[in-house]
2 protein chains.
Amino acid sequence: MSANLQQQLQHRGHRLTKQRQAILAILSHTPQSVAMIRHTLHEQGFHFDKTTIYRNLHSLVQHGLVLATKLQDDGLYYELASHHHHHHVQCQNCGRIEDIELDEHALLQNAAAHSTFAIKQHQLEFFGICPQCQS
Amino acid sequence: MSANLQQQLQHRGHRLTKQRQAILAILSHTPQSVAMIRHTLHEQGFHFDKTTIYRNLHSLVQHGLVLATKLQDDGLYYELASHHHHHHVQCQNCGRIEDIELDEHALLQNAAAHSTFAIKQHQLEFFGICPQCQS
DNA sequence: GACTTATTGCAACTAAGTTGCAATAATATC
DNA sequence: GATATTATTGCAACTTAGTTGCAATAAGTC
Ligand SMILES: [Mn+2]
Ligand SMILES: [Mn+2]
Ligand SMILES: [Zn+2]
Ligand SMILES: [Zn+2]
């Protein structure tokens, strides 16, 4: 767990419980579902209550340390927020998820040019076949 | 209900029940949640079981007559599939949803240029403030 | 009208996520 | 280190959208 992240947590009055640390240790820049996170925690020998996991994810999102994304299935996927804004591609065959960094400026102009709304945010995910599954 | 739609249904062995007709009559090109659809049905004096509504929406999506979209909240939003591919903007203030037709070619090139996946589909929704809510 | 079978309604169920609360433990203060 | 404060945890009970099995109903066909 980065010193920076730890600072941010404590600065906000968050405590460094072993639950929160374990959860943060599992999160990465690849979005993971709650089921995946819980599964990994179990593999590592942790047996936290689901309530604890949900509450931690929510508060981390609330405080901007973690991002929640919707993908194809139900529920949310969580990833560390420490990267700059980007999107994802998910393999329709194996489920692998990868970051994809678009030309955001082009995207936003494209949108602004076709709507009268003052656009504040967007949600964009791609689906396809990853290199491994192509061959 | 368009003659074309009716044809498609019967061609696929679907029956024109009053339930299915009422549901289709409510659907438009603006995505609606199941709650909204059920609410309108009630207003119109129909009291179909929720099972019937879910099953109809699912089979209509399955057969390509209806599109299901994810927006900000949980659950899916349904709209008629008879338009060409497009996206939506949802007002963060009043909830109003509008179609938005992007330059899809530019979007897909933007994506292809930044990923090694063979991209097959995408999911893109915008959120902002509608003209009415701006003033 | 009689026949076939897609569709409906109902009741029971499932499971993800939430809530209230008393017990616990991380931090601050001395 | 001991003490006080309160964020956080675990548990049990609950909520609620959506699903499933099945017998009754009603489209569509001849
Ligand atoms: Mn990412
Ligand atoms: Mn639309
Ligand atoms: Zn793959
Ligand atoms: Zn509005």
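In the text below, chain A, chain B and the rest are named by the order of the sequence lines, each starting its count at 1.
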Distance in angstrom units between [X] [atom1] and [N] [atom2], rounded:
| X | N | atom1 | atom2 | result |
| --- | --- | --- | --- | --- |
| B:H58 | D:dG18 | NE2 | C1' | 8 Å |
| B:Q19 | C:dT8 | CD | P | 5 Å |
| A:L60 | D:dT8 | CG | C1' | 13 Å |
| B:F48 | C:dC10 | CZ | C1' | 16 Å |
| B:Q10 | C:dA6 | CD | P | 15 Å |
| A:I37 | C:dA16 | CD1 | C1' | 14 Å |
| B:R38 | D:dA17 | CZ | C1' | 9 Å |
| A:D49 | D:dC11 | CG | P | 6 Å |

On DNA chain C, nearest-nucleotide positions of A:K50 versus B:H47: which is more 5'? B:H47
B:T51 or B:D74, whichever maps to the more 5' nucleotide of DNA chain C: B:T51
Check every atom of [options] against the side chain of [X] and return the nucleotide holding the closest atom.
| X | options | result |
| --- | --- | --- |
| A:R15 | C:dT18, D:dA7, D:dT19 | D:dA7 |
| B:V34 | D:dG18, C:dT18, C:dT8 | D:dG18 |
| B:L16 | D:dG28, D:dG10, C:dT18 | D:dG28 |
| B:R55 | D:dG21, D:dC11, C:dT7 | D:dG21 |

Using distance only, find each side-chain donor-acceptor pair of residues 70-78 of chain B under 3.5 Å and give its atom names and separation, not counting sequence neighbours.
residue, atom, partner, partner atom, Å
B:K70, NZ, A:L71, O, 3.3
B:K70, NZ, A:Q72, O, 2.9
B:K70, NZ, A:D73, O, 2.5
B:D73, OD1, B:Y77, OH, 2.6

The answer to which of A:K18 and B:A35 contacts DNA chain D further toward the 5' end, by nearest nucleotide, is A:K18
Sub-6.0 Å ring centroid separation between A:H87 and A:H85: yes
Would a line drawn from the ring center of B:H11 to the ring center of B:H63 be shorter than 6.0 Å? no
Under 4.0 Å, counting only non-hydrogen atoms across every strand here, what does A:T17 touch: a base, just sugar-phosphate, or nothing? sugar-phosphate
With sugar-phosphate meaning primed atoms plus P, OP1 and OP2, does B:N56 contact a base, only sugar-phosphate, or nothing at under 4.0 Å between heavy atoms? sugar-phosphate
Does A:Q62, at its CD atom, have more than 12 non-hydrogen atoms belonging to other residues, nucleotides or ligands within less than 6.0 Å? no
Whether B:F126 and A:H122 hold their rings parallel, tilted or perpendicular, with breakpoints at 30° and 60°: tilted
Donor/acceptor link under 3.5 angstrom from B:R20 side chain onto base of C:dT7: no
